[in-house]
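Labels below follow one simple rule: chain letters A, B, ... track the order of the sequence lines, proteins then strands, and each chain is numbered from 1.
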2 protein chains.
Amino acid sequence: MVVTLSGPTTEPTSAADLDPAAGEVAPPDCSIARALGVIGDRWTILIMRDAFRGIRRFDDFRRDLDIARPVLADRLRKLVDAGVMVKRRYQTHPERFEYRLTPMGMELSPALVALMRWGDRWLNDGHPPTILVHEPCGSELEQGFWCRTCQQTFSPGDIASRHPHSDPHTDHDPDHDPATGATR
Amino acid sequence: MVVTLSGPTTEPTSAADLDPAAGEVAPPDCSIARALGVIGDRWTILIMRDAFRGIRRFDDFRRDLDIARPVLADRLRKLVDAGVMVKRRYQTHPERFEYRLTPMGMELSPALVALMRWGDRWLNDGHPPTILVHEPCGSELEQGFWCRTCQQTFSPGDIASRHPHSDPHTDHDPDHDPATGATR
DNA sequence: TGAGGTGGGTTCATTCGGCGAACCGACCGC
DNA sequence: GCGGTCGGTTCGCCGAATGAACCCACCTCA
């Protein structure tokens, strides 16, 4: 019951039969690393958080985060380049711009929500948690893994990975210690 | 339908080590910022990813990530201090240690899974996605927001927030443009 | 007997990126 | 024509990240 979070470490084709030791030292990439290439920066994530909260203008970001102007300008530019945000003129004459989340950016919300909930759970020094609710009914949101077949949620311990071009059965780590695992 | 991801705002940086006695402005932190104080570093997140993949030893982390030794030592120490990992001697004589996820660390998996899926979806330059499955039945995992009351999943657009000490009704942003919003 | 390898670090010098301060320009209201 | 707002850029400093080198205890092999 190993939770494998990345793609093949070496090459996308097939980890085993292709000789990986030959040339490349660094594995080209995994999706988490690619994601971090875009939002893997403390400021960037906080900018995204603010964007979800409805902040859109340069100066509002700056004030809220107390971030240095050059850094903010740089991060916003990179986010726009990456396609996570769009820069949009909202008035002419004094040209003014706002930064909005694209659909790509919006889809980061599960990651941010997960982070927030983790922080609330394990790092709340006295701070009350932020409670997210299902807007239509008002009851508290849960976030989890869902199996459409079994029609049930499940915990991280029940995750296995299946790599596209390799053996379709689950990874298994014989040495894995369940004591550190899923539930407390 | 603003998705409010944070609690009270101000003070983004230096989550942990900030002097708490400085009884300054009211809300010292938000949970995302606190979480980033622990894992808000590119290397740290990659270390966590590797840990989920079953890597436990210093040198294996180092080789897999191609990270500088001092940085790895520093990050592992910080993760242990934060309670996300434990350092455990697995042999005496030449004393050797391994680093394992604690339950606190395990619970980061939703965030990492969300990140991975986002990366797979939006940043796959030709890389096939890693498919995660529900181990007992083998069908593909879905990750989403779940409402226990309505017994259904829902999208980020249906999230509202409720702050403990404030108005219990939902945040609403009149200026929000659905065009950039939830679904594509 | 030693040569070389492994695991888990630390120390040190250098480079890189974050930061605050200052500046800029187009507009506004007054 | 004075100060204020918005959205930046340039500049210089400094601390953090980095790679290289070193350390040490142990093991294998010859």
So which protein nitrogen or oxygen atoms get under 3.5 Å of nucleotides 6-8 of chain C's nitrogens or oxygens?
unit_1, atom_1, unit_2, atom_2, d
C:dG7, O4', B:Arg96, NE, 3.0
C:dG7, O4', B:Arg96, NH2, 3.4
C:dG7, O3', B:Arg96, NE, 3.4
C:dG7, N3, B:Arg96, NH2, 3.4
C:dG8, OP1, B:Tyr90, OH, 3.4
C:dG8, OP1, B:Phe97, N, 3.3
C:dG8, OP1, B:Phe97, O, 2.7
C:dG8, OP2, B:Phe58, N, 3.4
C:dG8, N7, B:Arg69, NH1, 3.0

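Contact annotation: A:Trp43 side-chain N/O to C:dC19 OP1/OP2 distance is under 4.0 Å.
Counting heavy atoms from C-beta on, the side chains of A:Arg34 and B:Asp125 come closer than 4.5 Å.
Judged by a 6.0 Å distance limit and a 45° cone about the ring axis, A:Lys87 is positioned over the six-membered ring of A:Phe97.
Nucleic acid contact for B:Arg42: none, since no nucleic acid atom lies under 4.0 Å from a heavy atom of the residue.
The side chain of A:Arg75 lies closest to C:dG18 when the candidates are D:dC26, C:dT10, C:dG18. Closest to the side chain of A:Pro70, out of D:dA17, C:dG20, D:dG8, is C:dG20.
Across the protein-nucleic acid pair, B:Leu76 atom CG and C:dT10 atom P stand 11 Å apart, rounded to whole Å. At whole-Å resolution of the value, CG in A:Asp41 and P in D:dA17 are 12 Å apart. Rounded to an integer number of Å, the gap from A:Phe61 CZ to D:dG8 P is 11 Å. Atom CZ of A:Arg62 and atom C1' of D:dG8 are 11 Å apart (whole Å). Counting to the nearest Å, the C1' atom of D:dG7 and the CZ atom of A:Arg56 are 17 Å from each other. Straight-line distance from the CD1 atom of A:Ile67 to the P atom of D:dG7: 15 Å, rounded to whole Å. Look at CG on A:Leu65: it is 14 Å from C1' on C:dG18, rounded to the nearest Å. In this structure, A:Asp74 atom CG and C:dC19 atom P are separated by 11 Å, rounded to whole Å.
For A:Trp146, the ring-ring contact (aromatic ring centres under 6.0 Å, His included) partners two or more places apart in sequence, or in a different chain, are B:Trp146.
Nearest approach of B:Trp118 to A:Glu107, heavy atoms of both residues: CD1-O, 3.5 Å. For B:Met116 against A:Ser31, the heavy-atom pair with the smallest separation is CG-OG, 3.1 Å.
The existence of a salt bridge linking B:Glu98 and B:Arg88 is confirmed by a sub-4.0 Å separation between a basic side-chain nitrogen and an acidic carboxylate oxygen.
The hydrophobic clustering, which links ILVMFWY residues whose side-chain heavy atoms are closer than 4.5 Å, places B:Ile55 and B:Val80 together.
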